[in-house]
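Reckoned from all heavy atoms, side chains included, excluding hydrogens, waters and symmetry mates. Along the sequence shown, residues are numbered consecutively beginning with 1. Everything numeric in this text was worked out from a predicted model, so none of it was measured. Each ligand, and each atom within it, is numbered from 1 in the order the structure gives.
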Amino acid sequence: MDSKDDKRDVSCSSPVCVHNPHLDALKDDILYHFSLGTATHDLPAMFGDVKYVCVGGSPWRMKSFTEFIAAELGMENPKSEYPNICAGTDRYAMYRVGPVLSVSHGMGIPSIAIMLHELIKLLHHAQCKDVTIIRIGTSGGIGLEPGTVVVTKQSVDATFLPKFEQVILGKPVVRNTDLDQSLAEELLQCSKELNQFETVIGNTMCTLDFYEGQARLDGAFCSYSEKDKQDYLNKASEAGVCNIEMESSVFASMCKLSGLRAAVVCVTLLDRLKGDQLKSSHEVLHSFQQRPQKLVGYFIKKQLKAKAILN
Ligand code: R2B
Ligand code: URA
């Protein structure tokens, strides 16, 4: 099967672009996995002033991110209650404080892709402008001290190429996985100012699986040797790969198509050159997972201060 490059013109009149002529014919666009819709909810009133969207795998983590951001921005509500906007479904969770929306996406490309289709339509219907979107997550590092934060330069596939392949009507379509380089640099600068943990900019490999897909030796099945694994991870490292996770490629490609300024910020939980199993204590893993939140919290606060929205 030949693959085709998706070189469509991404310019469009809306600040958050959808490229789908069929949408105009829908009387009610039902965002099924959010339990929201254009006929049942006033999306511009609910979301029109959102400026930052942070997405991450776990619903619990995205709620705690909202609580953290509320405290950072001095926008805590007196009861400290942040209702799940998607309470009508258990597929994804969504929280909001001030201009910051926080949404969970589950694990893997299919799960985040479904969420992003509906999130991009939500931002489009709500007529949001100047939105920055950041994925905060976890990853396996290559040759980095565990706890290092990686801001993704390029998301690459399992052959180390910066592309995402989507099968459409039975044919593979190749999409670009470029992320916003100036945003990555701004985040790196924020980490220097925060001065609490090591942060690097590097390539992130996005895989379809946590075990065989990431060259682990501890899955239910494994047909390769320790040396095969080390050779593969060393090749990844030579290609500039600093960490491995499971969502960045489709995230980058969909954000690029919709014209969203996007970044991926993941902490490394272990060094994959030294092992496969996550042996650190719950406390250590928990504190590592807070690092992307802290960095993005600092970034948002700095930006809002510069725009004189905060004192
Ligand atoms: C990082 O962690 C998850 C797997 O444990 C996956 O969602 C990812 O990208
Ligand atoms: N998430 C991954 O996808 N891989 C790891 O090794 C750790 C977290």
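In terms of protein heavy atoms, atom 6 (O) of ligand 2 is closest to Arg216 NH2, 2.7 Å. With hydrogens left out, the protein atom closest to atom 1 (C) of ligand 1 is Thr138 O, 3.2 Å, a heavy atom. Among protein heavy atoms, atom 4 (N) of ligand 2 sits closest to Gln214 OE1, 2.8 Å. The protein atom (non-hydrogen) at minimum distance from atom 5 (C) of ligand 2 is Gly140 N, 3.3 Å.
In this structure, the separation between CG on Asn243 and CG on Leu270 is 11.0 Å, given to the nearest 0.5 Å.
Ionic pairing of Asp49 and Arg96 is present here: one or more N-O contacts between side-chain nitrogen and carboxylate oxygen are shorter than 4.0 angstrom. Classification of Glu165 and Arg175 as a salt-bridged pair fails, no side-chain N sitting under 4.0 Å from a carboxylate O. Under the 4.0 Å criterion applied to side-chain N and carboxylate O atoms, Asp231 and Lys235 are not assigned as salt-bridge partners. Under 4.0 Å is where a charged nitrogen must lie from a carboxylate oxygen, and between Arg135 and Glu245 at least one such pair does. Salt bridge absent: Asp180 and Lys256 never bring a charged side-chain N and a carboxylate O closer than 4.0 Å.
Numbered from 1 in the order shown, with element, the atoms of ligand 1 that lie under 4.0 Å from a heavy atom of Glu245 read 9 (O). In summary, the atoms of ligand 2 found under 4.0 Å from a heavy atom of Glu245, numbered by their order in the structure, are 3 (O).
Between the choices Glu247, Met107, His105, the shortest heavy-atom distance to atom 8 (C) of ligand 1 belongs to Glu247.
For Ile244, every heavy-atom contact with ligand 2 shorter than 4.0 Å involves the backbone, none the side chain.
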> Should Lys294 and Glu72 be marked as a salt bridge (charged side-chain N to carboxylate O under 4.0 Å, His left out) after you check the CA-CA gap, both sets of side-chain angles, and the distance that decides it?
Replying inline: CA-CA 9 Å; Lys294 284 187 182 164; Glu72 276 291 289; over 6 Å; no

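A 6.0 Å sphere centred on NZ of Lys121 holds more than 12 heavy atoms belonging to other residues, nucleotides or ligands.
Considering backbone and side-chain N/O of Arg135, one or more are found under 3.5 Å from N/O of ligand 1. Backbone and side-chain nitrogen or oxygen atoms of Met246 are examined, and one is located within less than 3.5 angstrom of a nitrogen or oxygen of ligand 1.
Note on ligand 2: Leu270 sits in its first shell, one or more heavy atoms being nearer than 4.0 Å.
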